[in-house]
There are 2 protein chains.
Amino acid sequence: MNNIKKDNTEEKILDAAQTVFIRKGMDGARMQEIANEAGINKALLHYYFRSKQKLFEAIFKQVFKQIFPDIKAFIHAEIPIEKKLGIFVEKYIDLLMKNPYLPSFILQEIHRDPEFLASVIKGQGIDLHELFTMLGKEMEAGNIRKMDPRELMINILGLSIFPFAAKPLMQLIFFDNDKKAYKEFLKQRKETVKDFILNSILLKA
Amino acid sequence: MNNIKKDNTEEKILDAAQTVFIRKGMDGARMQEIANEAGINKALLHYYFRSKQKLFEAIFKQVFKQIFPDIKAFIHAEIPIEKKLGIFVEKYIDLLMKNPYLPSFILQEIHRDPEFLASVIKGQGIDLHELFTMLGKEMEAGNIRKMDPRELMINILGLSIFPFAAKPLMQLIFFDNDKKAYKEFLKQRKETVKDFILNSILLKA
DNA sequence: ATTTTGTTTAACCAGATGGTCAAAATTAGA
DNA sequence: TCTAATTTTGACCATCTGGTTAAACAAAAT
């Protein structure tokens with residue numbers, strides 16, 4: 001078969017590039033380092049992807065997709081809002097625990113090249129309208145406090161993402177650089193963030 | 001006077017370096033660009049600061065100091081906790097509105113060189129003990145919900161910082177890239193974040 | 001005025017880096 | 001098996017980048 005080897009090499013490159021780009025960012029990453037990580041010749045990188053920029057864009061798109069957990073299910077599930085939010089937070093933090101490097105990488109690159117970010121987002125076709133409608137209905141029904149739904153979403157994201165994005169700093173000043181303790185803290189966040197949010201927005205009858 | 005000219009140039013360099021480093025990060029910044037920004041010869045950078053690394057460290061320390069707003073006052077003021085937290089959030093968001101680039105820069109660099117970060121922090125002598133004691137007392141007194149004070153602090157920071165750190169992304173997906181609207185949103189956050197937090201942790205008698 | 005000290009510059013250098021290319025090696029097809 | 005196409009490599013190149021240096025320039029000191 002023609003594709004077995006090809007796919008294999010291409011995949012090796014993508015894996016290696018993801019590792020290096022995420023660790024060092026576009027500016028800090030070196031093509032040679034990616035080649036080493038993939039165990040191949042540097043020229044092969046240019047054979048499969050024309051340039052560093054092109055390779056990076058492939059990686060960024062690939063990585064970026066991961067940061068949108070199953071939003072559809074979140075919106076349309078027939079369960080109470082507090083359960084919905086709980087599941088959303090849990091899924092999100094689970095994702096970040098498996099990919100703790102994601103936030104810093106994304107945050108770094110969205111600042112470095114916002115135009116490219118815009119093109120990627122447009123290509124994703126995210127529809128927030130449904131999400132906002134759903135939240136609006138919950139507010140109308142008196143289930144949660146009335147507020148700008150964008151505010152609510154950004155709060156959820158901030159509470160979930162920030163501890164990962166700022167990990168080295170938070171671990172250092174609040175946990176005496178105790179890696180295990182911080183990991184445990186992040187794990188518990190699935191519960192504590194959910195509680196924190198619900199405590200704030202739930203209207204107890 | 002000997003120092004007039006010297007201080008002037010050194011300051012010009014520091015200003016220029018801060019601008020460029022914050023915009024591009026350590027890896028993305030170029031010495032030539034800093035020199036241009038300062039309107040001087042590139043060799044002068046090395047005359048005043050031995051190397052790029054040394055210059056960067058000077059900038060990082062300088063910038064890093066700014067991210068700790070007056071915590072002492074926050075701890076010891078003789079006002080109710082809800083007012084304290086409100087003031088803290090307001091001060092923090094004010095700081096970020098004046099320096100919207102700060103979060104992304106810090107987040108980027110704490111990942112790039114955590115050891116250096118550690119050395120800077122040790123040199124700052126931050127005492128969180130007092131802060132935690134104060135929060136503990138408020139919990140004991142039944143003024144706020146009992147919780148890990150580190151959790152509370154990280155929540156406050158996340159809610160305040162995240163919208164700035166993720167600005168290009170949030171502005172794009174939630175505000176249709178409307179710069180003014182997002183700025184207005186950030187301004188209102190001084191109130192909404194405070195409300196969000198207090199709603200969550202305040203125990204109404 | 002002249003020396004001395006400190007400041008600034010243009011020219012240059014060595015190493016790194018992204019990228020190219022022709023040849024070698026491997027694979028597929030006849 | 002022999003040929004054609006594809007994949008992989010080592011060597012190489014142009015450019016960029018941090019850093020150096022010797023000389024020009026300015027300012028103090030004598």
Side-chain angles (χ1 to χ4, degrees), chain A residues 1-63 105 108-109 112-113 115-116, chain B residues 1-63 105 108-109 112-113 115-116:
Chain A
M1 192 89 348
N2 188 351
N3 292 6
I4 287 183
K5 189 177 221 171
K6 194 190 169 195
D7 286 358
N8 207 338
T9 304
E10 202 167 326
E11 215 167 301
K12 269 197 297 182
I13 293 179
L14 285 172
D15 282 358
Q18 174 155 341
T19 303
V20 174
F21 274 132
I22 279 175
R23 199 163 47 207
K24 304 279 183 79
M26 167 66 172
D27 288 332
R30 297 287 161 251
M31 292 298 266
Q32 187 58 57
E33 195 180 348
I34 295 173
N36 292 346
E37 179 85 22
I40 55 158
N41 189 287
K42 181 166 69 94
L44 255 194
L45 298 180
H46 292 89
Y47 178 77
Y48 282 92
F49 305 83
R50 289 182 51 79
S51 65
K52 184 184 183 184
Q53 179 66 24
K54 287 271 197 304
L55 178 55
F56 174 80
E57 291 180 2
I59 297 297
F60 186 84
K61 280 179 193 162
Q62 180 179 286
V63 167
F105 172 72
Q108 181 173 343
E109 297 304 330
R112 202 185 55 84
D113 192 349
E115 289 87 9
F116 176 60
Chain B
M1 196 77 2
N2 187 353
N3 291 8
I4 287 182
K5 190 178 223 170
K6 194 191 169 192
D7 287 356
N8 208 338
T9 304
E10 201 168 326
E11 215 167 302
K12 271 197 295 182
I13 293 179
L14 285 172
D15 283 357
Q18 174 155 341
T19 303
V20 175
F21 274 132
I22 279 175
R23 199 162 49 208
K24 306 278 183 80
M26 167 66 172
D27 289 332
R30 298 288 163 251
M31 292 298 266
Q32 186 58 58
E33 195 180 348
I34 295 174
N36 292 346
E37 179 85 23
I40 55 158
N41 188 285
K42 181 165 70 93
L44 256 193
L45 298 179
H46 292 89
Y47 178 77
Y48 281 93
F49 305 83
R50 289 182 50 78
S51 64
K52 185 185 183 184
Q53 179 66 25
K54 286 272 198 304
L55 177 55
F56 174 80
E57 291 181 2
I59 298 298
F60 185 84
K61 279 179 193 163
Q62 181 179 284
V63 167
F105 172 72
Q108 181 174 343
E109 298 304 331
R112 203 186 54 84
D113 192 350
E115 288 86 10
F116 176 60

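When reading the values below, keep in mind they use all heavy atoms of this one structure, side chains included, and skip hydrogens, waters and symmetry mates. Proteins come first, then strands; the chains are lettered A, B, ... in the order of their sequence lines, and each starts at number 1.
Between A/L45 atom CG and C/dT17 atom C1' the separation is 13 Å, expressed in whole Å. Atoms CG (B/L44) and P (D/dT20) sit 14 Å apart, rounded to a whole Å. Between A/L55 atom CG and C/dT17 atom P there is a gap of 16 Å when expressed in whole angstrom units. One can place CG of A/N8 at 13 Å from P of D/dT7, the figure rounded to the nearest angstrom. Computed from coordinates, the B/F56 CZ to D/dG18 P distance equals 13 Å when rounded to whole Å. Rounded to an integer number of Å, the gap from A/H46 NE2 to D/dT9 C1' is 14 Å. Rounded to an integer number of Å, the gap from B/Y48 OH to D/dG18 P is 20 Å. Taking atom NZ of residue B/K42 and atom P of nucleotide D/dG19, one finds them 9 Å apart after rounding to whole Å.
Non-hydrogen atoms lying under 4.0 Å from DNA chain C are contributed by A/R30, A/M31, all within residues 30-41 of chain A. A heavy atom lying under 4.0 Å from DNA chain C marks none of the residues of residues 13-21 of chain B.
A/T9 has no side-chain polar atom (N or O) that falls below the 4.0 Å cut-off from OP1 or OP2 of D/dT7. For C/dT9, the OP1/OP2 oxygens have no side-chain nitrogen or oxygen of B/Y47 closer than 4.0 Å.
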Run the side-chain donor-acceptor check on residues 15-22 of chain A: report pairs under 3.5 Å with partners two or more places apart or on a different chain.
residue	atom	partner	partner atom	Å
A/Q18	OE1	A/Q62	NE2	2.4
A/T19	OG1	A/D15	O	3.0

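Legend: salt bridge (charged side-chain N to carboxylate O under 4.0 Å, His left out) pairs involving residues 41-56 of chain B, not counting sequence neighbours: none detected.
With sequence neighbours excluded, the residues satisfying side chain to side chain donor-acceptor pair (under 3.5 Å) with B/E57 are B/Q53. The ring pair (Phe, Tyr, Trp, His ring centres under 6.0 Å) search around B/F116 returns B/F60, not counting sequence neighbours. In terms of the side chain to side chain donor-acceptor pair (under 3.5 Å) criterion, B/N41 has no residue partners (sequence neighbours excluded). With sequence neighbours excluded, the residues satisfying side chain to side chain donor-acceptor pair (under 3.5 Å) with B/K24 are B/E33. A search for side chain to side chain donor-acceptor pair (under 3.5 Å) contacts involving B/E109 returns B/R112, not counting sequence neighbours.
Taking each heavy atom of A/L44 and A/I13 in turn, the nearest pair found is O-CD1, 4.1 Å. The shortest non-hydrogen separation linking B/I40 to B/K12 is CG2-NZ, 4.2 Å.
Put simply, the side chain of B/K52 and the base of D/dG19 share no donor and acceptor less than 3.5 Å apart.
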